[in-house]
Amino acid sequence: LLALTAFICIETIMECSPCEGLYFFEFVSCSALVVTGALLLLFSLNLHTRIPQINWNLTDLVNTGLSTFFFFIASVVLAALNHKTGAEIAAVVFGFLAMAVYAVNMFLAVKKWRMSSRQQSSRQTSDYIRARTESREVVHRPEIQRLDA
């Protein structure tokens, strides 16, 4: 919602002299909005479970990390190059707020990604140990007679 609000604020600006900062902020806010919206839709409808080949925790981590980084850069650039209009100031404020929310989400995504990595490695280790144990077990079969008797 903050990315959407920042995008709406930047779109209300009618005139700009050096427009590069404004265009970059517009691109970042729109891109973050579209990608995050698509991931939100995938997760909300549980469509991500149909594609198990993709590491969705890592995908979420990369999205939030890149969005945090680019919102920071775009907000700093727009803050340095703005003309002190209300829409530009509001866009900068919402840009920094969106960056902060993405940073918190990135922190949570890192924790979730680490936890899933540990669970996956422990699951692989336990599967390996179980397979080794089962291969060493001797099954008692009465139909096989000892040869030394």
Side-chain angles (χ1 to χ4, degrees), residues 1-140:
L1 290 175
L2 293 170
L4 176 64
T5 307
F7 181 73
I8 291 170
C9 289
I10 208 73
E11 287 299 315
T12 61
I13 297 172
M14 296 296 177
E15 295 178 14
C16 63
S17 176
C19 296
E20 291 81 14
L22 187 122
Y23 293 153
F24 181 63
F25 188 90
E26 180 181 17
F27 171 74
V28 168
S29 61
C30 183
S31 299
L33 181 65
V34 168
V35 173
T36 304
L39 287 174
L40 180 64
L41 189 65
L42 278 169
F43 288 129
S44 298
L45 298 175
N46 274 338
L47 296 176
H48 66 286
T49 58
R50 295 183 182 202
I51 310 171
Q53 296 84 3
I54 297 175
N55 185 344
W56 291 105
N57 293 329
L58 184 61
T59 302
D60 188 37
L61 174 63
V62 169
N63 175 50
T64 56
L66 288 175
S67 296
T68 301
F69 175 73
F70 283 118
F71 257 116
F72 176 72
I73 299 297
S75 297
V76 168
V77 168
L78 188 62
L81 298 178
N82 73 18
H83 297 91
K84 310 280 191 265
T85 64
E88 287 176 325
I89 293 171
V92 169
V93 169
F94 283 112
F96 279 119
L97 287 174
M99 180 213 58
V101 171
Y102 274 113
V104 169
N105 194 8
M106 183 181 67
F107 173 74
L108 296 173
V110 166
K111 286 178 62 174
K112 188 174 182 181
W113 178 67
R114 284 184 180 169
M115 190 180 342
S116 70
S117 295
R118 284 188 200 132
Q119 287 174 349
Q120 186 177 16
S121 66
S122 68
R123 189 178 320 122
Q124 288 174 346
T125 303
S126 66
D127 288 346
Y128 172 74
I129 290 172
R130 190 182 68 232
R132 293 272 315 235
T133 304
E134 288 175 358
S135 69
R136 290 182 182 172
E137 291 178 357
V138 178
V139 178
H140 178 67

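In what follows, every heavy atom counts, from backbone to side chain, and hydrogens, waters and symmetry copies are set aside. Sequence positions, counted from 1, serve as the residue numbers for this chain.
- Annotation: side-chain contact (heavy atoms from CB on, under 4.5 Å) contacts of Y23 (sequence neighbours excluded): C19, E26.
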Full working for side-chain contact (heavy atoms from CB on, under 4.5 Å) between W56 and I51: CA-CA 9 Å; W56 291 105; I51 310 171; 4.2 Å; yes
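- With respect to L78, the side-chain contact (heavy atoms from CB on, under 4.5 Å) criterion is satisfied by exactly one of I73, V28, I89, I10: I10.
- For the residue pair F71 and A32, the shortest heavy atom distance occurs at CE1-CB, 3.6 Å.
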Please report, to 0.1 Å, the donor-acceptor pairs under 3.5 Å made by any side chain of residues 39-50, with sequence neighbours excluded.
unit_1 : atom_1 : unit_2 : atom_2 : d
S44    : OG     : L40    : O      : 2.7
T49    : OG1    : N46    : O      : 2.7

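- Inspection of the N57 and S116 side chains reveals an N or O donor paired with an N or O acceptor under 3.5 Å.
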Derivation of the side-chain contact (heavy atoms from CB on, under 4.5 Å) call for L22 and E88: CA-CA 8 Å; L22 187 122; E88 287 176 325; 4.2 Å; yes
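- Considering only heavy atoms from C-beta on, T5 stays 4.5 Å or farther from L97 through its side chain.
- For L4, the side-chain contact (heavy atoms from CB on, under 4.5 Å) partners are I8, L33, not counting sequence neighbours.
- Looking only at distances, no side-chain donor or acceptor of S75 sits under 3.5 Å from a matching main-chain atom of F72.
- The distance from the CG atom of N105 to the CG atom of D60 is 5.5 Å, given to the nearest 0.5 Å.
- Annotation for W113: atom CH2 does not count as buried by contact number, only 12 or fewer foreign heavy atoms lying within 6.0 Å.
- Closest heavy-atom contact between A103 and T68: N-OG1, 3.3 Å.
- In this structure, A3 and A98 approach most closely via the heavy-atom pair N-CB, 4.2 Å.
- Heavy atoms only, all atoms of each residue included: F25 and A91 are closest at CZ-O, 3.2 Å.
- Side-chain contact between M99 and Y102 is absent, with no heavy-atom pair separated by less than 4.5 Å.
- Note: F24 and F70 have perpendicular aromatic rings, judged against thresholds of 30 and 60 degrees for the angle between ring planes.
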